[in-house]
Number of protein chains: 2
Amino acid sequence: MPNNFYEKAKELIRHTGYRVTHNRLRTLAILLAEQYALTHREIEERLNVKEHLDRVTLYRVLEWLSKNNLVHKIAGDDRVWRFRVNMELHSHQHAHFICTRCTKVICLNNFRIKSNPSLPLGYLFHEVELTVKGVCAECV
Amino acid sequence: MPNNFYEKAKELIRHTGYRVTHNRLRTLAILLAEQYALTHREIEERLNVKEHLDRVTLYRVLEWLSKNNLVHKIAGDDRVWRFRVNMELHSHQHAHFICTRCTKVICLNNFRIKSNPSLPLGYLFHEVELTVKGVCAECV
DNA sequence: AATAATATGCAACTTAGTTGCATTTAATTA
DNA sequence: TAATTAAATGCAACTAAGTTGCATATTATT
Ligand SMILES: [Mn+2]
Ligand SMILES: [Mn+2]
Ligand SMILES: [Zn+2]
Ligand SMILES: [Zn+2]
């Protein structure tokens, strides 16, 4: 599967009804190929191997992909956003694992979260976010 | 209770066995007086009303308080750390609430988290972090 | 009061992310 | 296919949280 990812990206982006641009395709293709969440930096490096993409544009592309539910972003303790493509069974609420050694982030899809916690009076519940911290297999 | 907080802070810091400095006392006193988690900025502003404290020193004080388990820090989606004093029943694992409108953070002490999730093979579990997102009473 | 280890202030730095604006490109229409 | 136009892009400048190095001040000890 050489660049099935690019074709898959094209299908997904076309499906949003908005503009199908080269940079959106390239970026999404990279995220489709990855098993874990990538930082803006990591994506930039992978992109620039073939063809340069301005970092500001990449920020805007990632924001766009995020707003259109093609990816989701995850906040880490290192103040850096990580981006992961939304797989079919993936768009629902799920937990994340963060490796405290290499800061790698993976999505825990098998991990259901039961919601509706009791909040102080007058508070409005929206969603619950669960992060598991530990050490990944490569770092043990 | 005028500055019971300063006295309480003195007791807590003396108890660590390390140096009892004016800045540690002032900073901890401010955190003791608050019901929710404060950013470095918010603490700085409160401190500077009475007497200036260098921002770098404050970073170091907060790091010290954190390492000595007198406060804990919470990562928000705005890439800013928030600090909250560790109350007696508070040091255990608990959940946090983040207001998506004003970014205020409170600790949900009544909220127990059951741990030991199933992770991929070779992964090491350390702890689980639960964040509830919604809108606080003042922002509804 | 003298000592020594630690805390502090200040300047300079790092880095993720944002903003404004002129130019280019994707999609629509003629 | 060429003209049109709204949205996407590149670039420079900016913002803001947090860090580092080093000289000076303060705490705790003798
Ligand atoms: Mn995920
Ligand atoms: Mn808390
Ligand atoms: Zn790891
Ligand atoms: Zn609020």
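Every chain is numbered from 1, with letters handed out A, B, ... down the list of sequences.
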Atom-to-atom span, [atom1] of [X] to [atom2] of [N] - whole angstrom:
X      : N       : atom1 : atom2 : value
R26(A) : dA8(D)  : CZ    : P     : 17 Å
E45(A) : dA16(C) : CD    : C1'   : 14 Å
D54(B) : dT19(D) : CG    : P     : 14 Å
L47(B) : dT8(C)  : CG    : P     : 12 Å
H52(B) : dT8(C)  : NE2   : P     : 13 Å
L62(A) : dG17(C) : CG    : P     : 9 Å
E51(B) : dG9(C)  : CD    : C1'   : 13 Å
E63(B) : dT6(C)  : CD    : P     : 15 Å

Can you give me the N/O atom pairs linking the protein to nucleotides 15-18 of chain D at distances under 3.5 Å, or say none if there are none?
residue, atom, partner, partner atom, Å
dA17(D), OP2, R41(B), NH2, 3.3
dA17(D), O4', R79(A), NH1, 3.4
dA17(D), O3', R79(A), NH1, 3.2
dG18(D), OP1, W81(B), N, 3.1
dG18(D), OP2, Y59(B), OH, 3.4
dG18(D), N7, R55(B), NH2, 2.7

Under a 4.0 Å heavy-atom criterion, the protein footprint on nucleotides 21-30 of chain C, written with B, S and -, is ----BBS---

Distance check, rounded to the nearest 0.5 Å: [X] atom [atom1] versus [Y] atom [atom2]?
X       : Y       : atom1 : atom2 : value
C136(B) : L124(A) : SG    : CG    : 10.0 Å
F5(A)   : I30(A)  : CZ    : CD1   : 11.5 Å
H15(B)  : I13(B)  : NE2   : CD1   : 13.0 Å
H94(B)  : E129(B) : NE2   : CD    : 9.5 Å

Parallel under 30°, tilted from 30 to 60°, perpendicular over 60°: which one fits the rings of [X] and [Y]?
X      : Y       : answer
Y59(A) : H40(A)  : parallel
H72(A) : H96(A)  : parallel
F97(A) : Y123(B) : perpendicular

Next on the checklist: Can you tell me if N23(A) touches the phosphate of dA8(D), counting only side-chain N or O atoms and a distance under 4.0 Å to OP1 or OP2?
Outcome noted: no

Query - side-chain N/O T57(B) vs dG9(C) OP1/OP2, d < 4.0 Å - result: yes

Minimal heavy-atom distance between P120(A) and I106(B), with the atoms involved, is CG-CD1, 3.7 Å

Pair K67(A) + E63(A), salt bridge at N-O below 4.0 Å: yes

